[in-house]
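Per chain, numbering begins at 1; letters A, B, ... match sequence-line order.
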2 protein chains.
Amino acid sequence: MRSYDEYCAIAKSLDLIGDRWTLLIVRELSLRAPCRYTDLRNGLPGIATNLLASRLRDLERAGVVMREDAPPPIATTVFRLTPRGADLQPILDGLIRWGLPLMFEQHPQDAIRSHWMLRALELMLCDRDPAGPPVSIELDTGDQPIVINAREGRLSTRIGRAEQPTVTVTGPMKPTLALILGFASTDTAAKEGLAIKGETDVLQRFALNPHALGATPPPTPADQAPT
Amino acid sequence: MRSYDEYCAIAKSLDLIGDRWTLLIVRELSLRAPCRYTDLRNGLPGIATNLLASRLRDLERAGVVMREDAPPPIATTVFRLTPRGADLQPILDGLIRWGLPLMFEQHPQDAIRSHWMLRALELMLCDRDPAGPPVSIELDTGDQPIVINAREGRLSTRIGRAEQPTVTVTGPMKPTLALILGFASTDTAAKEGLAIKGETDVLQRFALNPHALGATPPPTPADQAPT
DNA sequence: CAGCATCCGCTTTGATACTG
DNA sequence: CAGTATCAAAGCGGATGCTG
């Protein structure tokens with residue numbers, strides 16, 4: 001990208017990370033480093049391969065990304081965030097929070113990768129009964145299963161299958177999100193194609209973290225077409 | 001911008017605010033709304049006027065910006081952030097914090113606008129003697145003078161002249177920044193072309209807010225060219 | 001197959017000129 | 001003042017080819 005040539009911290013940040021695809025590459029590395037070139041391509045559907053190579057070079061020069069030659073058994077290059085790159089997390093988190101309302105507009109052409117949801121779930125979800133027994137929720141809703149573990153008020157998420165899920169939700173991503181954030185009842189969820197197995201009531205325990213969003217309610221279609 | 005077509009909160013945010021110039025327009029409105037079209041152009045040196053018009057339309061559709069017809073005496077359209085647009089502040093702040101180290105690379109071609117520094121100074125600066133007497137610092141270093149007021153541990157900044165500045169710093173922006181953040185002594189500052197008038201010692205009272213940055217030290221040229 | 005580089009058609013951007 | 005119109009140049013997306 002050409003520089004904005006402004007003596008302004010925001011502009012200078014955007015000079016380095018404001019290019020198309022750049023922050024999504026950082027997202028990928030923040031969610032599952034170390035990452036091979038091919039992993040990155042899979043996590044960035046639609047990116048042109050020359051552009052990915054070019055961006056990785058730029059990010060390396062900017063001190064955001066580093067490449068390593070993985071040890072013999074793997075014998076390939078892997079990419080990671082540098083500490084300076086990891087410092088971008090607050091910006092990614094800000095984008096996740098601001099973008100949550102937009103997740104309720106799912107377009108048919110939208111690609112889905114389960115790992116994109118991991119950090120979002122950690123940020124947005126809150127356990128309203130931190131003293132309750134530990135539970136693990138499995139979401140089978142994307143290309144890979146997601147596990148949410150709640151234990152002593154702390155939430156963690158990962159890709160994989162739960163050994164003994166307290167409850168398992170199967171179906172499309174959007175209603176699943178609405179369900180666990182408490183925006184939809186289990187009845188509504190079922191109508192939208194979700195199958196819930198196990199202790200359904202456990203889902204009531206979770207809700208949207210009240211600190212997660214700004215004070216402004218999500219814009220509705222009505223806001224955009226006032227009469 | 002074309003959509004990334006990803007069901008991911010970060011990607012969906014970037015679909016709306018990831019275009020070139022877009023976040024800088026939001027910056028302008030966050031720093032000095034309401035803003036006329038011409039004010040925006042002045043705060044965004046280098047933007048093509050058709051692009052500004054196009055971005056403003058996009059931001060309006062996205063619910064981030066609103067336009068108003070100013071009342072008769074002014075008789076022009078002005079632009080503001082909507083509440084939803086104001087919710088972008090944490091993202092702008094993140095970019096400011098991450099970008100601070102980059103402010104110590106000032107290029108000759110970099111445009112300067114004093115108001116770009118206002119939020120950065122508020123975020124980065126900390127009063128180490130909150131119980132001390134109120135002081136006001138004037139910085140004459142850009143296209144307009146900046147006033148920093150410190151009172152009871154709270155810092156505020158504005159464009160304008162102080163009525164009775166405790167101290168006034170005149171000269172280029174970069175050494176001024178280094179001086180008030182405590183990265184440079186008054187001697188060093190003088191060598192870089194700064195003139196300091198008034199109670200010089202007051203400047204010692206301020207320093208970089210330790211909470212302002214991530215834990216990672218700024219990258220140095222040495223990091224980029226290892227031997 | 002992993003990790004690119006090259007080529008090509010298209011879209012976006014930037015610079016300038018022009019208008020109500 | 002607040003934009004629209006025009007056009008050259010740069011960037012992007014997609015396909016393909018090359019190298020270990």
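The heavy-atom pair separating Val147(B) from Ala162(B) by the smallest distance is CG2-N, 3.5 Å. Scanning both residues, Met124(B) and Ile96(B), for their nearest heavy atoms gives SD-CG2, 4.4 Å. Closest heavy-atom contact between Glu6(B) and Asp110(A): N-OD1, 3.8 Å.
Arg57(A) has its CZ atom 14 Å from the P atom of dG11(D), to the nearest Å. With rounding to whole Å, Leu52(A) atom CG is found 13 Å from dC12(D) atom P. Atoms CG (Asp58(A)) and P (dG11(D)) sit 11 Å apart, rounded to a whole Å. Rounding to whole angstrom units, CD1 of residue Ile25(A) and P of dC4(C) are separated by 12 Å. Between the C1' atom of dG3(D) and the CG atom of Asn42(B) lies a distance of 17 Å, rounded to the nearest Å. Across the protein-nucleic acid pair, Leu40(B) atom CG and dC1(D) atom C1' stand 13 Å apart, rounded to whole Å. Summarising the geometry, the separation between CZ on Phe79(B) and P on dC1(D) is reported as 14 Å, rounded to the nearest angstrom. Rounded to an integer number of Å, the gap from Leu24(A) CG to dC12(D) C1' is 15 Å.
Of the side-chain N and O atoms in Thr38(A), one or more sit less than 4.0 angstrom from OP1 or OP2 of dA2(C). For Arg67(A), a side-chain nitrogen or oxygen approaches OP1 or OP2 of dC4(C) to under 4.0 Å.
Judged by distance alone, the side chains of Thr77(B) and Asp69(B) never bring a donor and an acceptor atom under 3.5 Å apart.
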Next on the checklist: Set out, in order, the CA-CA distance, both residues' side-chain angles and the distance that settles side-chain contact (heavy atoms from CB on, under 4.5 Å) for Ile146(A) and Leu118(A), then state yes or no.
Outcome noted: CA-CA 8 Å; Ile146(A) 295 173; Leu118(A) 292 180; 3.9 Å; yes

Checklist outcome for this item: Expected string for nucleotides 8-20 of chain C under the B/S/- scheme (protein heavy atoms, under 4.0 Å, primed atoms plus P, OP1, OP2 as sugar-phosphate) is -----SBBBB---

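Each ring pair (Phe, Tyr, Trp, His ring centres under 6.0 Å) pair with one or both residues in residues 19-56 of chain B, not counting sequence neighbours, appears once here: Tyr4(A)-Trp21(B).
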